[in-house]
Amino acid sequence: TVVQSLWIYMEAVFLSGDMAKQLPQDAKRFAGVDKSYMRLTARAFETPNVILICHGSGTMRETLPHLASQLELCQRSLSGYFEAKRTMFPRFFFISDSLLLELLSA
């Protein structure tokens, strides 16, 4: 669930296009994560046996932790970007990350 929730949040951030311009390395990293995550979920959808998909092949055990670490790197970069904007504009300290994202993307 960690990978899924981070992926959902990051998908909205990096697929909008504007943040991808501001954080190009992280956008590239997320594109790789997105491709792997989509491939993993498609394979899980096609395999009706949950035990087979989770334990039959080592890919899920190996892939999910890697995806989580990559998404956490994207999250840290995004937080650093927000912190830089808040330092430049102190009034941004009083709004949430999601609202700040909306303001900066507009």
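Keep in mind that the numbers below use all heavy atoms, side chains included, and drop hydrogens, waters and symmetry copies.
- The CZ atom of Phe93 sits 5.0 Å away from atom CD of Glu83, with the distance rounded to the nearest 0.5 Å.
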Test log, rule side-chain contact (heavy atoms from CB on, under 4.5 Å), inputs Arg86 and Leu100: CA-CA 9 Å; Arg86 285 182 171 123; Leu100 183 57; 3.8 Å; yes
Just distance, no hydrogens or angles: give the donor-acceptor pairs under 3.5 Å from side chains in residues 3-10, sequence neighbours left out.
residue: Ser5; atom: OG; partner: Thr1; partner atom: O; Å: 3.1
residue: Ser5; atom: OG; partner: Val2; partner atom: O; Å: 3.1
residue: Trp7; atom: NE1; partner: Asp34; partner atom: OD1; Å: 2.9

Verdict with supporting geometry, Gln70 and Phe30, side-chain contact (heavy atoms from CB on, under 4.5 Å): CA-CA 8 Å; Gln70 294 298 302; Phe30 178 76; over 6 Å; no
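- For the atom pair OG (Ser77) and CG (Leu23), the distance works out to 6.5 Å, reported to the nearest 0.5 Å.
- With sequence neighbours excluded, no residue satisfies side chain to side chain donor-acceptor pair (under 3.5 Å) with Ser69.
- Within the model, atoms CG of Leu78 and CG of Leu73 stand 12.5 Å from one another, a figure rounded to the nearest 0.5 Å.
- Phe82 CZ to Thr87 OG1: the interatomic distance, rounded to the nearest 0.5 Å, is 13.0 Å.
- Note: Leu71 CG to His66 NE2 = 9.5 Å, rounded to the nearest 0.5 Å.
- Phe92 and Met88 fall within the same hydrophobic cluster, defined by Ile, Leu, Val, Met, Phe, Trp and Tyr side-chain heavy atoms under 4.5 Å apart, directly or through other members.
- One finds the NZ atom of Lys35 at 13.0 Å from the CG atom of Leu67 (value rounded to the nearest 0.5 Å).
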